[in-house]
Each structure stands twice: as structure tokens, then as C-alpha cells.
Colleague: 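I have a structure I would like to understand better, so I am pasting it below and will then ask my questions one at a time.
Chain naming here is simple, since letters A, B, ... match the order of the sequence lines and numbering starts at 1 in each. Everything numeric here is computed off the predicted structure, so don't read it as measured data. All heavy atoms count here, side chains included; hydrogens, waters and symmetry mates do not.
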Amino acid sequence: MAQQLKALKCEDPLPLNQSERLNSALISWFEEFGKNYPWRSTNDPYEILVSEMMLQQTQVSTVLERGYYRKWLERFPDFKALSSAAEEEVLRAWEGLGYYSRARNLHKIAIAVMKDFEGVFPSDLSLIEGLPGIGQYTAGAVASFAFNAAVPAVDANIARVLARLFEFTERIDTSGGQKQLWKWASGLVPQSGARSWNSALMELGQTLCKAKSVQCQECPAVSWCLSENPLELPVKKSRPEITEIQEYVVFAFEGKRVLLEKETGRRRKGMWKLPERAAESLSGLNLLTVQKYGITRYRVTMNVYEAKKESALENEQWFSIEEVENLPMPSPYRRVLQKIIKV
DNA sequence: TAGCCGTGGCT
DNA sequence: TAGCCAAGGCT
């Protein structure tokens with residue numbers, strides 16, 4: 001049967017009968033083995049959008065088991081509630097998930113939905129894709145999951161499955177590679193049942209057709225799969241080299257208040273952290289603790305010094321312990337404060 | 001296009 | 001263990 005798929009490597013879409021048989025094999029498998037995530041048992045665009053934003057570059061277990069999704073929906077149950085929240089509270093609810101622009105964009109989307117769409121999330125793909133923080137994947141995911149629109153949604157899982165299914169040996173992290181994957185995905189997505197189809201394909205990549213391991217003998221698509229060595233696919237450029245850097249911050253605690261600095265740049269914007277200082281200015285101060293963490297392509301060693309008589313610089317403010325608990329703070333700094341003052 | 005943006009789980 | 005990876009998007 002793999003030969004039949006081979007014929008359509010160049011010619012898309014798949015011959016109709018093959019496409020339908022693959023579809024029904026996948027759907028049957030998904031109905032039997034697919035996991036019942038909370039966002040799979042709702043049609044609410046808001047609940048689905050929240051899950052999609054949280055799941056960008058983030059594993060399901062993190063979103064689910066650490067309670068982010070449930071707590072978010074309790075605190076911000078719909079677009080209206082989210083739109084009227086302060087950004088600081090929105091970021092605090094996102095704390096620990098990383099990529100904080102996702103939270104700021106989700107907040108902006110809620111405001112746009114209330115202001116520009118009369119509180120109703122648009123079902124039109126191009127309107128969805130025009131919202132901040134929503135690209136081709138997330139637009140396709142929300143359109144198909146919430147509205148069952150017959151559109152593809154190629155995430156890392158589906159990209160891997162398709163690259164193997166079609167033995168695609170070119171790089172997938174280029175515009176050409178992406179274009180090919182989306183073309184295959186468009187040809188395969190059924191006119192009715194796109195919601196289940198996209199879920200099933202994703203689930204396959206998540207459970208059987210994983211990056212580092214495969215279970216082809218369990219795979220419902222094995223008869224169609226052209227890949228001889230699935231673990232060698234997909235092909236991507238390797239990650240940039242990790243650079244070690246030092247970070248020098250102060251823990252200034254006076255009159256039961258802590259000095260914090262607000263991030264204003266592109267990185268972790270809107271989050272509060274321990275104030276950064278030049279290394280030379282710290283001589284003579286007591287080194288309280290050292291915290292190592294990674295961020296993007298850096299391996300950071302954070303050196304925390306105990307400051308005396310510190311004065312607030314630009315973007316710096318004093319906060320009580322109670323206030324600190326409600327401020328959004330990147331995980332490494334929260335960890336340090338927890339060690340020092342149990343916040 | 002390639003670099004950037006966080007964090008934690010997995011092997 | 002240390003690198004790899006994850007329901008990506010923006011610039």
C-alpha cells in the first residue's frame with residue numbers, strides 16, 4: 001500500500017480512495033486511543049484559544065498537570081473577563097510558562113474581541129490569523145477545533161508525522177519545507193471532520209511517532225508510510241550553541257520591602273525581577289546565593305548580592321512581601337526569593 | 001532568513 | 001548528564 005502513497009509524493013492530493021482509507025484508519029485509532037483533554041471536550045473558541053496559546057512550544061503535561069489551564073479558566077472564564085483584567089495579573093497567571101508575549105497577546109486578543117468583534121470570536125480564518133500572537137498554525141487549530149473548519153494545522157507533531165509519511169528529506173524549517181508540509185496537510189484534511197483529523201494526526205505524533213522513538217507496529221498509518229528510518233526525520237537545522245553568561249543582581253531588603261526592577265525590553269517584558277547591577281559595583285557585598293538557569297541560547301549564572309542602602313533606579317520600585325507574591329516574576333528570580341524570604 | 005523569546009520534561 | 005525537544009510567532 002505504501003507504493004500507492006508513493007505515487008502521490010509529487011502529485012497531490014492523495015488519490016481519493018487512499019486518502020479516505022488513511023483518514024478512516026486514523027480516526028478509528030483516535031476514537032479508541034485518543035486522550036480526552038479538556039480542550040477536546042469543548043467547542044468554546046475562548047477555551048480552545050487559551051489551550052493553543054499555552055501549548056505553543058510547551059508540553060501538554062506542563063499546561064495540564066501544573067494547573068495552568070484550569071486556574072486560568074477559573075480566573076478568566078471568557079474574553080470579557082480577560083479583557084478587563086490588568087496586564088500584570090494576566091502575566092502573573094502565566095508565570096512559569098515562559099514566552100510571556102503569549103500572555104500579553106492573549107490579553108490583547110480578548111480586548112480586540114470585545115472591541116472589534118462585539119465579544120464574539122471570529123470564525124473566519126483570515127480574521128483569526130490577523131489577531132496578535134496567532135500565526136498560521138494557531139489560526140488553523142482554532143478554526144478546526146472550535147468551528148470544525150476544513151483547514152489544516154501543521155504543528156511540530158504533524159510536521160514530523162507528514163515528513164515521515166512522505167519520506168520528506170528536505171529541511172522543514174525553511175519556507176519551502178513549510179510550504180510542502182502545508183500542501184500535504186491541505187490535501188489530507190477531510191471536508192467534514194477536520195477537528196478529529198487534526199487532533200488524530202497530532203496525537204499520533206505525540207504518542208507513537210515521537211521525535212526520539214517510534215512504535216510503528218502500533219501505528220494506524222504504517223501501511224501508507226514511506227519512511228524507512230523514521231528517526232532520521234524530519235530534518236532541521238541544529239540549535240545554536242549555548243553561551244555561558246554571568247548575571248549580577250542585588251537583593252535589597254529594607255523596612256520589610258524588596259527592591260525590584262521591571263523588564264522593559266523585548267525579553268520578559270512586564271515582568272519584575274531582582275535589580276541588575278554592574279559587577280564592579282558589587283565589591284565588598286555579601287554573595288547571598290547563586291542561581292543557574294537557561295534562557296533561549298544562554299546558560300545564565302545569576303549571582304545574588306545582599307545590598308545595603310540601595311536606592312531605586314529607573315524602572316525600579318520597592319514592594320512589600322505581600323505585593324511581591326502578586327507580581328509577575330520570571331521563574332529564576334521567584335526561585336531565589338523563595339530561597340531567601342519564602343515568597 | 002535567522003535569531004530571539006522561557007521553561008521543564010525526557011532520554 | 002547534557003543536550004534535545006515541545007499544540008509557534010515575531011522581527
Colleague: May I ask you to say whether A:Arg92 pairs ionically with A:Glu95, meaning some side-chain N is under 4.0 Å from a carboxylate O?
Modeller: yes

Colleague: Whole angstroms only, please: what is the CD1-C1' distance between A:Ile242 and B:dT7?
Modeller: 13 Å

Colleague: So which nucleotide from C:dA7, B:dG9, B:dT7 ends up closest to the side chain of A:Pro330?
Modeller: B:dT7

Colleague: Let's see if you can work this out: which of B:dG6, C:dA7, B:dG9 has an atom nearest to the side-chain heavy atoms of A:Gln59?
Modeller: B:dG9

Colleague: Could you tell me whether A:Gln136 contacts a base, only the sugar-phosphate backbone, or nothing, with contacts defined as non-hydrogen atoms closer than 4.0 Å?
Modeller: sugar-phosphate

Colleague: Quick check on DNA chain B: between A:Arg66 and A:Tyr298, whose nearest nucleotide comes earlier from the 5' end?
Modeller: A:Tyr298

Colleague: Expressed as a whole number of angstroms, how long is the span from A:Met54:CE to C:dA6:C1'?
Modeller: 16 Å

Colleague: Are side-chain N/O atoms of A:Tyr137 and A:Glu52 paired as donor and acceptor at under 3.5 Å?
Modeller: yes

Colleague: Name the orientation class of the two ring planes belonging to A:Phe251 and A:Phe253 (parallel below 30°, tilted from 30 to 60°, perpendicular beyond 60°).
Modeller: parallel

Colleague: Determine, stepwise, if the pair A:Glu170 / A:Lys179 fulfils salt bridge (charged side-chain N to carboxylate O under 4.0 Å, His left out).
Modeller: CA-CA 12 Å; A:Glu170 293 170 36; A:Lys179 195 175 172 189; over 6 Å; no

Colleague: Please tell me if A:Gln57 has a side-chain N or O lying less than 4.0 Å from either OP1 or OP2 of C:dG8.
Modeller: yes

Colleague: Considering every strand and a 4.0 Å limit on heavy-atom distances, what is the contact class for A:Arg299: base, sugar-phosphate, or nothing?
Modeller: nothing

Colleague: In whole angstrom, give the distance that lies between atom CG of A:Asn198 and atom P of C:dG8.
Modeller: 13 Å

Colleague: How close or far is atom P of B:dA2 from atom CG of A:Asp173, stated in whole angstroms?
Modeller: 8 Å

Colleague: Less than 4.0 angstrom between a side-chain N/O of A:Ser331 and OP1 or OP2 of B:dT7, yes or no?
Modeller: yes

Colleague: Which part of the nucleic acid, if any, lies within contact of A:Leu97, taking any heavy atom under 4.0 Å across all strands shown: a base, the sugar-phosphate backbone alone, or nothing?
Modeller: base

Colleague: Which residue, A:Arg266 or A:Tyr37, contacts DNA chain C at a nucleotide closer to its 5' end, judged by nearest heavy atom?
Modeller: A:Tyr37

Colleague: Looking only at the side chain of A:Arg171 (C-beta and beyond, no hydrogens), which of the listed nucleotides C:dC5, C:dA7, B:dA2 gets closest?
Modeller: B:dA2

Colleague: Is A:Lys237 near enough to B:dG3 that one of its side-chain N or O atoms lies under 4.0 angstrom from OP1 or OP2?
Modeller: yes

Colleague: Would you call the rings of A:Trp184 and A:Phe166 parallel, tilted or perpendicular, taking 30° and 60° as the class edges?
Modeller: parallel

Colleague: Once you apply a heavy-atom cut-off of 4.0 Å, does A:Tyr100 come out as touching a base, just sugar-phosphate, or nothing?
Modeller: sugar-phosphate

Colleague: State, with a plain yes or no, whether a side-chain heavy atom of A:Leu64 is found less than 4.5 Å away from one of A:Gln59.
Modeller: no

Colleague: Using ring-ring contact (aromatic ring centres under 6.0 Å, His included) as the criterion, point out the one residue from A:Trp39, A:Tyr46, A:Trp94 that pairs with A:Trp72.
Modeller: A:Trp94

Colleague: Taking only side-chain nitrogens and oxygens of A:Arg239, does any of them come within less than 4.0 Å of OP1 or OP2 of C:dG3?
Modeller: no

Colleague: Which base, if any, makes a Watson-Crick or G-U wobble pair with C:dA2, both distances under 3.5 Å?
Modeller: B:dT11

Colleague: With sugar-phosphate meaning primed atoms plus P, OP1 and OP2, does A:Gly96 contact a base, only sugar-phosphate, or nothing at under 4.0 Å between heavy atoms?
Modeller: sugar-phosphate

Colleague: Touch check for A:Pro332, heavy atoms < 4.0 angstrom, all strands: base, sugar-phosphate only, or nothing?
Modeller: sugar-phosphate

Colleague: Determine the contact category for A:Thr58: base if any of its heavy atoms lies under 4.0 Å from a base atom, sugar-phosphate if only primed atoms, P, OP1 or OP2 are that close, otherwise nothing.
Modeller: base

Colleague: Rounded to whole Å, please give me the gap between CD in A:Glu65 and P in C:dA7.
Modeller: 14 Å

Colleague: Does A:Thr296 get its side chain close enough to the base of B:dG3, under 3.5 Å, for a donor-acceptor pair?
Modeller: no

Colleague: Can you tell me how far P in C:dT11 sits from the matching atom in C:dA7, rounded to whole Å?
Modeller: 24 Å

Colleague: I want to check one thing: is the phosphate of C:dC4, taken as OP1 and OP2, less than 4.0 Å away from some side-chain N or O of A:Arg297?
Modeller: no

Colleague: Using a heavy-atom cut-off of 4.0 Å across all strands, would you classify A:Ser175 as base, sugar-phosphate, or nothing?
Modeller: sugar-phosphate

Colleague: What's the closest nucleotide to the A:Arg160 side chain, out of B:dT11, B:dA2, C:dA6?
Modeller: C:dA6

Colleague: Classify the nucleic acid contact of A:Thr138 as base, sugar-phosphate or nothing, counting any heavy atom under 4.0 Å across all strands shown.
Modeller: sugar-phosphate

Colleague: Under the salt bridge (charged side-chain N to carboxylate O under 4.0 Å, His left out) test against A:Arg277, which residue among A:Glu261, A:Glu247, A:Glu316 passes?
Modeller: A:Glu316

Colleague: Could you tell me whether A:Lys236 contacts a base, only the sugar-phosphate backbone, or nothing, with contacts defined as non-hydrogen atoms closer than 4.0 Å?
Modeller: sugar-phosphate

Colleague: For A:Ala156, which contact category applies under a 4.0 Å heavy-atom criterion: base, sugar-phosphate, or nothing?
Modeller: sugar-phosphate

Colleague: Quantified in whole Å, what is the P atom distance between nucleotide B:dG3 and nucleotide C:dC4?
Modeller: 16 Å

Colleague: According to a strict under-4.0 Å criterion, is A:Arg267 in side-chain N/O contact with OP1 or OP2 of B:dC5?
Modeller: yes

Colleague: Let me know the distance between CD1 of A:Ile158 and C1' of C:dA6, rounded to the nearest Å.
Modeller: 14 Å

Colleague: In whole angstrom, give the distance that lies between atom CD of A:Gln56 and atom P of B:dG8.
Modeller: 18 Å

Colleague: How close or far is atom P of B:dG6 from atom CE of A:Met53, stated in whole angstroms?
Modeller: 13 Å

